[in-house]
Amino acid sequence: MCGIAGVISVTSLPDIKETAQAMIQTISHRGPDGINIWTDEAKKISLAHARLSIIDLSTIANQPMHYQNGRYTIVFNGEIYNYVELRSHLLTKQYSFNSKSDTEVLLALFAEYREKCLAMLDGMFAFVIFDELSGELFCARDRFGEKPFYYFHSQSKFLFASEIKAIHKVEKLIGVNFNQINSFLLDSGKYALYNHMFTNLAELAPGHFLWLKNGKTTITKYYDVSLISAFAESTEVACIEKFNFLFTQSITRRLRSDVTVGTSLSGGMDSSAIACKLAQLNHENYATFTARFPNHPKDEGYWVSKVIAQTGYQNIEVYVDIDNTMHEIDRIIYSQEHIPKSTSIFAQWYVMQTAQKHQVKVLLDGQGADEYLSGYDHMKYFLIWQYYRDLHWLKLWHERSELKSKYDRKAKLGYLFLFDPLLNLFGKRRSIFNEGYTFKDRLVFALKHELNELLHYADRSSMAHGIEIRLPFLSHELVEYCLSLPNHLLYRNGYNKYILREACKPILPEEIYKRTLKIGFETSEDVWLKDKKITEKGKAAAEILRAYKIIPCTNHFLNMFAVSFINQFAR
């Protein structure tokens with residue numbers, strides 16, 4: 001994983017190398033192992049790369065990398081996890097390789113298949129390839145948006161980078177979108193859709209690629225998770241075995257590394273499954289990293305201890321304290337280039353910081369599973385309501401009983417769903433269905449529109465500390481398989497992530513297998529907000545926002561985050 005940046009002059013833009021140099025230096029934290037720049041003055045292009053060495057640590061694997069006598073030049077951020085299999089395939093087609101890197105495999109694959117190569121990749125990526133023969137520039141981003149790609153396009157130039165600050169550094173037209181900040185605070189940061197808070201800036205969407213030729217861009221969608229077809233019926237045992245195979249394959253591929261690998265551990269189902277799977281695969285001496293909040297209901301030390309007892313791994317804990325965290329706010333906001341929705345970003349930040357101190361360069365993490373395995377509490381209601389609409393009375397009654405049994409008073413099915421069929425007759429639906437009507441619709445919406453915000457946080461927090469974060473649950477094969485399954489294999493008997501639980505039942509602690517309480521890396525924000533120091537700083541931030549004609553919200557942290565963002569990025 002690295003940082004990439006570049007400039008393409010459409011007209012006669014001077015100093016393209018200096019521009020690329022300024023951009024890549026701004027995001028050098030993404031690649032602490034070295035910076036390289038390639039410039040072709042005749043072609044009016046300069047590509048820059050900041051390297052975080054993970055696979056093939058030799059200088060032969062440095063970027064920008066050239067292929068086929070210099071016809072193709074690439075800068076690449078991410079990892080192609082199935083590069084070993086792709087390399088073997090390309091060898092049968094008489095391709096040769098000088099390095100052991102996934103970057104060279106990607107170049108060769110593009111040379112053979114052009115944009116069709118994207119369908120063959122299992123990975124996270126944002127990359128740019130320049131074809132000297134045709135003069136075209138090809139840009140692509142991975143299916144779910146694990147890796148970022150921003151660009152600025154005008155009549156005179158095309159700028160791109162892994163982070164906004166790199167383009168903001170050299171382009172004066174990139175400014176803060178105060179209207180976006182105002183909307184964000186008016187909604188107290190609760191809106192789900194992620195939008196960047198800058199003007200005149202574009203972001204290549206996940207699952208899309210872009211061609212630039214003669215100063216004109218063409219953007220194409222190559223992947224859409226909503227188009228996954230229904231699964232051909234099979235036995236439940238076969239489904240669980242297939243899930244276990246894909247999950248194991250995903251983890252195994254994401255362990256490919258020439259540096260130390262660890263994993264984050266919250267004590268929830270997803271991170272616990274990864275840790276226990278590593279132990280099952282006989283991977284010893286792995287370190288796990290956990291954020292702790294002692295003496296607070298959201299502390300997950302109990303659950304973590306059960307996983308550590310099961311795996312025998314060394315667990316490295318970091319205690320998140322509000323006093324220390326306050327000194328990090330500006331750095332966190334500068335890294336995020338965004339106003340976080342809550343202080344949960346603190347926990348993730350300190351986990352990455354702790355991993356860096358222990359010289360771990362790669363961390364596995366459980367993000368992505370909640371979105372398509374019905375991990376969020378509200379998702380179960382969509383399936384139960386659907387059972388009612390589909391006249392599946394026995395399933396409805398059973399899951400309603402399990403809901404009360406496992407979630408007690410916190411789970412209320414309500415009665416409004418009884419009117420849904422009647423509303424349908426008049427072409428109307430309750431507003432809660434704006435993000436999906438069926439159970440699967442809601443899962444797909446989360447994958448396409450809610451996950452990207454969490455991936456943004458993870459990318460920035462990890463890269464700020466020179467850490468590569470890898471997400472086994474976002475193997476597209478695994479995602480597609482789960483979305484193709486019958487609903488009852490995703491939520492059943494009051495348990496979300498049913499197929500994950502069953503597949504990992506033999507290796508999970510019983511307490512984790514039966515766990516229904518979801519917390520994640522949540523902080524003690526409710527307690528912190530009562531602190532006098534936070535109250536005073538929050539009120540001061542509110543006054544600053546009013547000076548900008550921005551209406552502050554009631555959450556002091558969001559107001560402080562907004563002021564920090566404005567102070568660092570407003571011109």
Side-chain angles (χ1 to χ4, degrees), residues 192 225-226 228-240 242-243 268-270 369-450 479-505 508 510 512-519:
V225 71
S226 62
I228 305 304
S229 58
F231 174 66
E233 287 298 328
S234 181
T235 65
E236 183 170 320
V237 171
C239 292
I240 293 172
K242 177 70 172 180
F243 177 94
M269 173 61 63
D270 309 329
D370 284 328
E371 281 69 23
Y372 67 90
L373 288 176
S374 184
Y376 297 115
D377 286 340
H378 62 273
M379 289 176 168
K380 57 181 173 284
Y381 298 106
F382 282 79
L383 180 55
I384 298 174
W385 293 333
Q386 186 174 334
Y387 283 152
Y388 171 72
R389 296 195 306 270
D390 294 342
L391 306 181
H392 292 158
W393 306 114
L394 291 179
K395 291 181 178 179
L396 169 67
W397 183 260
H398 174 71
E399 292 300 347
R400 181 175 179 272
S401 299
E402 292 291 342
L403 194 67
K404 290 186 176 182
S405 171
K406 291 184 171 64
Y407 298 91
D408 196 30
R409 296 179 181 179
K410 294 182 179 180
K412 296 182 179 180
L413 192 57
Y415 297 98
L416 291 177
F417 73 95
L418 298 173
F419 299 95
D420 288 337
L422 180 61
L423 290 173
N424 285 342
L425 293 177
F426 294 94
K428 298 183 180 298
R429 290 178 181 175
R430 290 186 286 149
S431 60
I432 198 170
F433 294 122
N434 290 343
E435 298 165 354
Y437 190 53
T438 69
F439 177 62
K440 287 283 181 66
D441 287 344
R442 188 62 186 82
L443 302 186
V444 168
F445 180 89
L447 271 172
K448 295 176 68 172
H449 300 293
E450 296 174 339
V479 174
E480 292 165 8
Y481 182 71
C482 290
L483 289 178
S484 73
L485 291 171
N487 292 334
H488 68 270
L489 291 183
L490 303 182
Y491 179 86
R492 183 163 156 194
N493 298 334
Y495 288 115
N496 58 12
K497 304 177 183 177
Y498 180 82
I499 194 167
L500 172 62
R501 292 175 190 267
E502 295 305 307
C504 295
K505 184 177 182 179
L508 284 172
E510 184 177 4
I512 302 294
Y513 169 75
K514 293 182 176 180
R515 183 180 179 184
T516 57
L517 174 66
K518 178 176 177 57
I519 297 178

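All values derive from a computational prediction rather than experimental measurement.
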Any idea which heavy atoms bring [X] and [Y] closest together, and the distance?
X      : Y      : result
Leu500 : Met269 : CD2-CG, 3.6 Å
Phe243 : Ala503 : CD2-CB, 3.5 Å
Leu485 : Lys440 : O-NZ, 2.6 Å
Ala238 : Tyr481 : O-OH, 4.3 Å
Ile499 : Cys239 : CD1-O, 3.7 Å
Ile512 : Gly268 : CG2-O, 4.4 Å

Nearest 0.5 angstrom please: [X] [atom1] to [Y] [atom2], how far?
X      : Y      : atom1 : atom2 : answer
Glu502 : Leu508 : CD    : CG    : 10.0 Å
Leu418 : Leu423 : CG    : CG    : 11.0 Å
Thr516 : Tyr407 : OG1   : OH    : 5.0 Å
Glu371 : His449 : CD    : NE2   : 12.5 Å
His398 : Leu394 : NE2   : CG    : 10.5 Å
Tyr388 : Arg400 : OH    : CZ    : 12.5 Å

Could you tell me if the side chain of [Y] sits less than 4.5 Å from the side chain of [X], heavy atoms only?
X      : Y      : result
Ile432 : Tyr381 : no
Tyr498 : Leu489 : yes
Cys504 : Tyr513 : no
Met379 : Leu490 : no
Tyr387 : His488 : yes
Glu450 : Glu435 : yes
Arg430 : Phe419 : no

**Request:** Would you mind checking if Glu236 and Arg492 are paired as a salt bridge, meaning a charged N to carboxylate O distance below 4.0 Å?
**Result:** yes
**Item:** Qualifying residue for ring pair (Phe, Tyr, Trp, His ring centres under 6.0 Å) with Phe433, from Phe417, Phe382, Phe445
**Value:** Phe382
**Item:** side-chain contact (heavy atoms from CB on, under 4.5 Å) assessment of Arg501 paired with Asn496
**Value:** CA-CA 9 Å; Arg501 292 175 190 267; Asn496 58 12; 2.9 Å; yes
Is there a donor-acceptor pair under 3.5 Å between the side chain of [X] and the backbone N or O of [Y]?
X      : Y      : value
Ser401 : Trp397 : yes
Glu399 : Asn493 : yes
Tyr437 : Arg429 : no

**Request:** Compute both the distance and the angle, then confirm whether Lys497 meets the cation-pi test with Tyr372: under 6.0 Å from the six-membered ring centre, within 45 degrees of the axis.
**Result:** no
**Item:** side-chain contact (heavy atoms from CB on, under 4.5 Å) between Tyr491 and Leu383, worked out
**Value:** CA-CA 8 Å; Tyr491 179 86; Leu383 180 55; 3.8 Å; yes
**Request:** Report the C-alpha distance between Phe439 and Ser374 in whole Å, list the side-chain angles of each, state the deciding distance to 0.1 Å, and finish with yes or no for side-chain contact (heavy atoms from CB on, under 4.5 Å).
**Result:** CA-CA 9 Å; Phe439 177 62; Ser374 184; 3.6 Å; yes
**Prompt:** Do other residues, nucleotides or ligands put more than 12 heavy atoms under 6.0 Å from the CG atom of Leu391?
**Reply:** yes
**Request:** Decide if atom NZ of Lys242 counts as having more than 12 heavy atoms of other residues, nucleotides or ligands within a radius under 6.0 Å.
**Result:** no
**Prompt:** Taking Tyr495 as the fixed residue, which of Lys380, Lys406, Glu402 is the one that meets the side chain to side chain contact (heavy atoms under 4.5 Å, CB included) rule?
**Reply:** Lys406
**Request:** For Asn487 and Gln386, run side-chain contact (heavy atoms from CB on, under 4.5 Å): C-alpha distance rounded to whole Å, both residues' side-chain angles, the deciding distance at 0.1 Å, then the answer.
**Result:** CA-CA 10 Å; Asn487 292 334; Gln386 186 174 334; 3.8 Å; yes
